[in-house]
Amino acid sequence: MNKAQQLVVNESLAKEFGLSADEYQKVLSIMRRTPSMTELGIFSVMWSEHCSYKSSRVWLKNLPTKAPWVIHGPGENAGVVDIGEGLAAVFKMESHNHPSFIEPYQGAATGVGGILRDVFTMGARPIANLNALRFGSPENSQTRHIVDGVVRGIGGYGNCVGVPTIGGEVNFHESYNSNPLVNAMTVGIARKDRIFLSVAVGVGNPVIYVGSKTGRDGIHGATMASAEFDEDAATKRPTVQVGDPFVEKLLIEACLELMATDAIVAIQDMGAAGLTSSAVEMAGKGGVGIELNLDHVPQRETQMSAYEMMLSESQERMLMVLRSDRINIAKQIFEKWELDFAIIGYLTDTGHIVVKHHGRIEADIPLAPLADEAPFYKRSFSPYFKPKPIEPLNITMDIERSLIKLLGCADLASRSWIWDQYDSTIGGQTVYRPGQSDAAVVKVEGTYLGLALTTDCTPRYCQADAYQGAAQAVAEAWRNITAVGAKPLAITDNLNFGNPEKPEIMGQIISVIEGIKDACNALNFPVVSGNVSLYNETCNAQGENISILPTPAIGGLGVLDNVSRAVGNALKENFQLVIIGETKGHIGQSLWLREIMGQEAGPPPTVDLKTERKNGNFVRQVINQGLVAACHDISDGGLLISIAEMAMAGNIGCTLDAPECGMRPEAYWFGEDQGRYIIMTSDSDELIQKAKQQDVIAKLIGYTGGDCIVMPSGAMITIIRMKAASMSFFENLMKV
Amino acid sequence: MKIGIVVFPGTNRERDVVIAFERVTGIKPIIIWHRETTLPSLNMIILPGGFSYGDYLRCGAMAAHSPIMNEIRIFAAKGGYILGICNGFQILTEAKLLPGALLPNASLRFLSRDCYLKIERNDTAFTRGWNKGDVFKTATAHGDGNYFCNNETLKQLEGEGQIVFRYSAANGFVNSKDNQTNPNGSINAIAGIVSANGRICGMMPHPEDMVDPLMGSEDGKPLFQGIMETLA
Amino acid sequence: MKIRLIIQLKKGVLDPQGKAISHALHNLSYQEIQYVRVGRVIDLELSDMPVYEAKEKVAKMARDLLANSVIENFEIEVLS
Amino acid sequence: MKIRLIIQLKKGVLDPQGKAISHALHNLSYQEIQYVRVGRVIDLELSDMPVYEAKEKVAKMARDLLANSVIENFEIEVLS
Ligand SMILES: Nc1ncnc2c1ncn2[C@@H]1O[C@H](COP(=O)(O)OP(=O)(O)O)[C@@H](O)[C@H]1O
Ligand SMILES: [Mg+2]
């Protein structure tokens, strides 16, 4: 006998399933009877935060999602933009935070698997992966283990399926100690007239299951992802989902092969809430009904109940609706790829989802109210208090020593320990790999097009000022794409926050969305897909709730019409260095202030979106005119860090001019003013002339050459020394 | 000239090889599915990189037992040219078409990074595009590339000149103890070997991803040029 | 003193390796195979001590480091 | 019928994983560890047959596919 079947469905059970009393009342009024266990399960996952976005939905509506090049915005499995030559880029970012804390390797691996499926579901061949990671403090004893597992998991999955992992970002902060963030992004390419959607139509059409067999994996995973961890999370561990990248690779090839025929009517991966959400969403979108017979579902374990099968989150599974006269084509292809598949149901005209098992009806729910009456909340929120400006500092710090210390700090140190474990060259189209440019660049096979890809967010800015921080994240993504010479097209966003039932967290969410909105509008850089991850907080040993820093990770995509024009960030000998943008010396929330002065204080730098746009458009223009040999934006750590990164990337040094008088040296070298770039050119006169014409601030600041950075004081910092500092962080952290 | 590239479930670098071949030689290889039981007439067979069968059990082990391998053995026995890259190399050793085995990298981590290879011999079909002693840059991307064999085999490989590629520094210096220049810990810094008759070659790194200056290097081109000259 | 630690995936946890191997064995026409499960074995050589103490030590090592309690179980055997 | 196949690296084959584990155990101050060797265990469920036959079958599978004789040895245990 199954335990699940002995339980009595009532309000208190519903509560255990994560449904509030009001929500349960709603269920009763929709069903007009007490729901069965399976029905309750279906409601609870569909109405979970994870699937229904009940806390964020009303605010997400405000995000700009349109531009002439946007083919599909939010609402589909992934966003789709036109990149020219009849092709579309399909992309999305998704979180796998909680599973990655419970089992770092599998959590991260299955995160990659899930986002890959979202992309190839739409008919796109995945061509690049990125990953935005946030870990706990390096001093925390668990951090090393989590970093190790997450990085191995991302590499293990992506490398095996044969998709290059070419970019990402990493931060460390104690607020992520027991709640790391793993946000994975996939980008794929499809013909723009061959995009596949999940709208199921055609009453009588068969519903096909393909991929791994169903087990009791991650049951209640979707609701788990929406519930806070507490001290005994360790004991309540659900069955962990294990990824099988080999089967995923077979699924990709089989699905793409089938998509080249006319057999598929609708297709959807089984992600969170597995069979339930895929079936409900496909039928719901098509306005039809769906009947499933679970007896036919390929099963890995014996005696699974309907409830378990509907809620299982076994990985590497797809659901599709086929034209009934094309089943044989599908069969042949799945057999070739040795994948389990079965016809498990068909579309009906009832508008209900009906689930049968062992000859019994286990669920019968009207689809329209399940979707339309899904709860949403306009939760109360408290306004955000902006931090006070910091007091002027009157201490002089040694610039060279500060540089070395900063280069070795957790947020700036070389990430090569990570990206060395990710296959970044597979596909033979990778133009710029991690560390070689501001945005990774991949060529679109068979064309001259290039895609520029990046993920960005500076959580400490968002913590200090959620609105500014969010705008900054969008601006930095836009800037990184611009810095390689690409035209920024659109973003995907992954909003990671604490508990939305707390007014201050809700305040963060609202301000972040506002900031993203304004930046996207100003930069003409719409949101085409995204994901929200809430309840990222933990109860520490003292019983306090610790929320993560607000972390709206932005994944940006841009296009180059001629990929050979793309520039990297490595210095070469005998060029001039020009800084674009105004240096005011903003020190609040800077890494210099944190690492050298030990303060996390002040407001973050403000983003002047008009200037941002003006400067960026200028930079892109001169890159495309061939005037630029290398370019790097100035972000975390400020001007001198950017130059050091360029020097280390090219193994070439430079000689720098003195700052304008009047500015404190640390503010000049390490201030984090926005909207700035360093350009390496052989004709600074022409470049500066052009800048003047467009009212862009540009100034010659140095010359390249040699094997060290020569400061205006005459002090020399060798590249060898900088590299040693930059490499030391991960070496020490991960030392056995 | 006809080149066949064998695809197993989980193979993932076959497209890279096709692109490289076409780019360098103008010839488009054909793809052969692992369940084929006959081979068309071919001048060369390539086993590309990837994770055949997920690299579960041991890298290359299950692919080495695929139906197509019987045909490949026959092709090899007739003196046919075979090149195995990365997973292809692992498959060739598992199939005992090449001696030795590929163990997990000494660091126990997957390694995706550029490395340098030194040409030990340029009188093979695979290396004639280079001069002996040349050093070229290529990409590695593997978790199990740590070449191992017993002492006898090693003696034979060294004695008979069966080692064609060795990991080295950019200046050609070989030091098998240095984990920077011999990234996976291979015995005697072995990166690629040939069979006794010189016609079967296995190598871990990926010259096929280095044939276009746009991707950072054209250093891999001579491999394909040399093959082309041999087979033409 | 030699102790063997056998680490296996817990019941119900997907074993992609085992699945692929059983598939491969069937293709090699070993039809009698019904089920394959892949795990790790760690042989440890310890300095001499009473058997029960050694077993306890290894169990502790397994919990601390060697096995992943979220998805794996372990067994201990005394070899010599 | 359940058979366990234990596959270990041959003597003389470097075992970086074993080395890393023994290093990590020392760091966790398990000083009594002298030597660690890591291998693979494959549990096979076979249809019923005489024990000697099952053992022979599994030995053949090991030689064919499951172990690599260049680097590995194997042992067979009958579990049930
Ligand atoms: N998790 C990661 N995976 C792959 N590449 C990464 C990862 N984290 C950082 N990188 C790479 O390291 C480089 C520096 O990252 P970052 O400091 O975030 O750049 P920026 O500040 O210019 O946006 C980039 O090339 C980035 O793609
Ligand atoms: Mg960044």
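On a predicted model such as this, the values are computed, not experimentally measured, just so you know. Letters go in sequence order (proteins before strands), and every chain restarts at 1. Excluded from the calculations below are hydrogen atoms, water molecules and symmetry mates; all remaining heavy atoms, backbone and side chain alike, are included.
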Provide the closest heavy-atom pair for C:P16 versus A:G243 in the form atom of the first, atom of the second, distance. CG-O, 3.7 Å
Heavy-atom pair with the smallest gap, counting every atom of C:V70 and A:I102: CG2-O, 3.6 Å
Give, for atom CG of C:L14 and atom CD of A:E316, the distance between the pair rounded to the nearest 0.5 Å. 7.5 Å
Kindly compute the distance separating CD (A:E103) from CD1 (C:I71), expressed to the nearest 0.5 Å. 4.5 Å
Nearest heavy-atom approach of A:R300 to C:V13 is NH2-C, 4.0 Å
Does atom NZ of A:K331 have more than 12 heavy-atom neighbours from other groups under 6.0 Å away? no
What part of A:E338 is in contact with chain C, defined as an atom under 4.5 angstrom from a non-hydrogen atom: side chain, backbone, both or neither? side chain
Between A:S212 and C:K19, which heavy-atom pair has the shortest distance, and what is it? OG-NZ, 3.7 Å
Would one find more than 12 heavy atoms of other residues, nucleotides or ligands at under 6.0 Å from atom NZ of C:K2? no
If one checks every heavy atom of C:N68 against chain A at 4.5 Å, the contacting part turns out to be side chain
